[in-house]
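Since the structure comes first, as structure tokens, the remarks are kept for the end.
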Amino acid sequence: STRPAAEARHWLLLAWVCLHVIGPYATSALLGGGDAQHYARQLADVIAQRNQGIFPWFVGQSGFAFNGDIHPLRTAPYFQYVGALLDTLTAHRLGSVGVLNLLIVLSLGAGGFGCYLSALRLAGRRHAWTACLLAVAYVTSPGVLALVYDGDMIASWMTLPWLPLAFAAVARLWTEEASAPALVQLAAAMGAIWLAHPPIAFWTCWALWPALARGLAASVRQRVWVLAGAIACRAAL
């Protein structure tokens, strides 16, 4: 049928766009200025602690973080924890700079495809091209790309995979009954955003709250246990 072929075209187009805009980061060389170097050192610090059997990781426990800088390990720890996981999955072959760049590449790709799948879930297969174009707009937005192109704002960049999931979950709660999957998706996405970059999480909460309240108002009395489970999930994260 033509549907699988059309779906493949959407995925290929989105993958090509992501690779085009973030391709320079597919390297083991450090790109950026002082902030990029800072994040690479902080990642090297955590990897060194893990290799020495230290857990949980602490500030200033290796020569890479001798100055006691608390950011992002104590303010946005998502970066180091996911980075250490990628270092393990790649068998420690990339080094801290390579893992940093891999994080940047994968975050944009996950954000783009997460946006596409979320829009597809909300709008249906009839609007697949629209969903694809919205995802392309997301990953090529100057406001998004400037985070690493210009500012080396790596912690902010780490929120890219999770923002579409949070907004899509609230959109589902607006149009559907308050269901456990939508609430758990929202809780998990917001938990990850808080771990990745608390200021963006704070702004996102304020942006989502009116729609979330409206979506829950009709059914929260009958589904208190669902709401309680979502709150517990977010608190755990």
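Positions are given from 1, in the same order as the sequence printed here.
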Cys132 SG to Leu14 CG distance, which is reported to the nearest 0.5 Å: 5.5 Å

Gln42 CD to Asp69 CG distance, which is reported to the nearest 0.5 Å: 5.0 Å

Residues which pass side chain to side chain contact (heavy atoms under 4.5 Å, CB included) with Leu106, listed by chain and number, not counting sequence neighbours: Leu86, Leu102

Report, one line per pair, each donor and acceptor closer than 3.5 Å where one atom sits in a side chain of residues 133-150; sequence neighbours left out.
{"residue": "Tyr138", "atom": "OH", "partner": "Leu160", "partner atom": "O", "Å": "2.9"}
{"residue": "Thr140", "atom": "OG1", "partner": "Val136", "partner atom": "O", "Å": "2.6"}
{"residue": "Ser141", "atom": "OG", "partner": "Gly143", "partner atom": "N", "Å": "3.2"}
{"residue": "Tyr149", "atom": "OH", "partner": "Val21", "partner atom": "O", "Å": "2.3"}

Separation of Ile104 CD1 from Ile154 CD1 (nearest 0.5 Å): 4.0 Å

Pairwise side chain to side chain donor-acceptor pair (under 3.5 Å) hits with a residue in residues 56-65, at least two apart: Asp45-Ser62

With Leu195, the side-chain contact (heavy atoms from CB on, under 4.5 Å) member among Tyr78, Tyr81, Phe79: Tyr78

Ion pair check, Arg93 and Asp87, cut-off under 4.0 Å: no

Sub-4.5 Å side-chain heavy-atom contact between Met190 and Cys205: yes

Sub-6.0 Å ring centroid separation between Trp11 and Phe113: yes

Beyond-backbone contact of Val97 with Ser28, side-chain heavy atoms, under 4.5 angstrom: no

Ala169: side chain to side chain contact (heavy atoms under 4.5 Å, CB included) partners, not counting sequence neighbours: Gln185, Leu186

Exercise: do Ser156 and His197 side chains pair donor with acceptor under 3.5 Å: yes

Distance in Å, Arg74 CZ paired with Gln80 CD, rounded so as to fall on 0.5 Å steps: 9.0 Å

With His71 via ring pair (Phe, Tyr, Trp, His ring centres under 6.0 Å) - residues at least two apart: Tyr39

Spatial distance of atom CG (Leu103) from atom CH2 (Trp157) [nearest 0.5 Å]: 12.0 Å

Results of side-chain hydrogen bond (donor to acceptor under 3.5 Å, both in side chains) for Trp129 - residues two or more places apart only: His10

